[in-house]
Amino acid sequence: MLQKIKETADFLRGKVTDLPKTAIILGSGLGNLVDYMEDKTVIPYAQIPNFPISTVEGHSGNLIFGKFAGKLVMAMQGRFHYYEGYDMKAVTFPVRVMKELGIETVYVSNAAGGMNKEFKVGDVMVITDHINLFPENPLRGKNYNELGTRFPAMTEAYCHDLVKLADTIAAEKNIRLMHGVYVGTTGPTFETPAEYEYFRIIGGDAVGMSTVPEVIVANHAGMKVFGLSVITDLGGKDITYVPTHEEVQEAAVKAQPVMLALITEMVARS
Ligand code: HPA
């Protein structure tokens, strides 16, 4: 694995002259952030040695290096989901490569179903913590001390200072910004009403099918994380309506301007 990470990082170093310290993993419908990047170097995943290939509709697969909000960044346009059949090492491989390239802060975004009764469709939620309900931890198996410690703490999986910065920016810009705990599950099924209710009872505010594996690995590697969820649908025992993938995408696209405004300022100021 160490060899593969180095090989992929070397390949990418050969493609870009200046390496960024910030990475952004773009979730559902948020790919438009790349339209605001300048001096782009676009590298399709298919050309990157050891990279898995994204398969799900609506997620194109490119690694994009360039300038965003005045900073050098690398953006993942399309991520690898566990439900697609990739194993956890594949899902989190790009995060390992980020660390090897010198990334210090990882921004993640996703679409999620809201269980918190205060939430409305289209709300943006800062992820303050998560509950890992994936059946497998990406760190299971041999630990490479070069990559991180065997038993990493997860007490500040989402950087508290970055959450505060988001609150400051939201207040300045009059953005309704929710806080919450993200429950990560495998999918690809959306939840039954009883499952949404269960996730609420155990302390979740929103549920989705990504992010948790990448965040665990980013923490293992000692990178700071900031996460945003777009609430694309609501679930609970009194809500029997379950969204389609298209409706989730549509709701995510509607929240794009707010997400973009927040992330732009966050990157500019951090
Ligand atoms: N459940 C799980 N994942 C999701 C949801 C949901 O309701 N909405 C968007 N991603």
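Positions are given from 1 along the sequence. Whatever order the structure lists ligands and atoms in, that order sets their numbers, starting from 1.
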Legend entry - Check ion pair K71-E104 (N to O, under 4.0 angstrom): no
Inset, instruction - Group every Ile, Leu, Val, Met, Phe, Trp and Tyr by side-chain heavy-atom contacts under 4.5 Å, then state whether L72 and I64 land in the same group. - result: no
Legend entry - Crowding at CD, E118 (>12 non-hydrogen neighbours, <6.0 Å): no
Legend entry - Within 45° cone and under 6.0 Å: K142 NZ/CZ vs Y144 ring: yes
Inset, instruction - Taking the six-membered ring for Trp and the full ring for Phe, Tyr or His, determine whether the centres of Y182 and Y158 are under 6.0 Å apart. - result: no
Legend entry - Neighbour list for ligand 1 [protein residues, heavy atom under 4.0 Å]: A111, A112, G113, F190, E191, Y196, V207, G208, M209, T232, D233, V248
Inset, instruction - Tell me, yes or no, whether the heavy-atom count around K4 atom NZ, taken from other residues, nucleotides or ligands under 6.0 Å, exceeds 12. - result: no
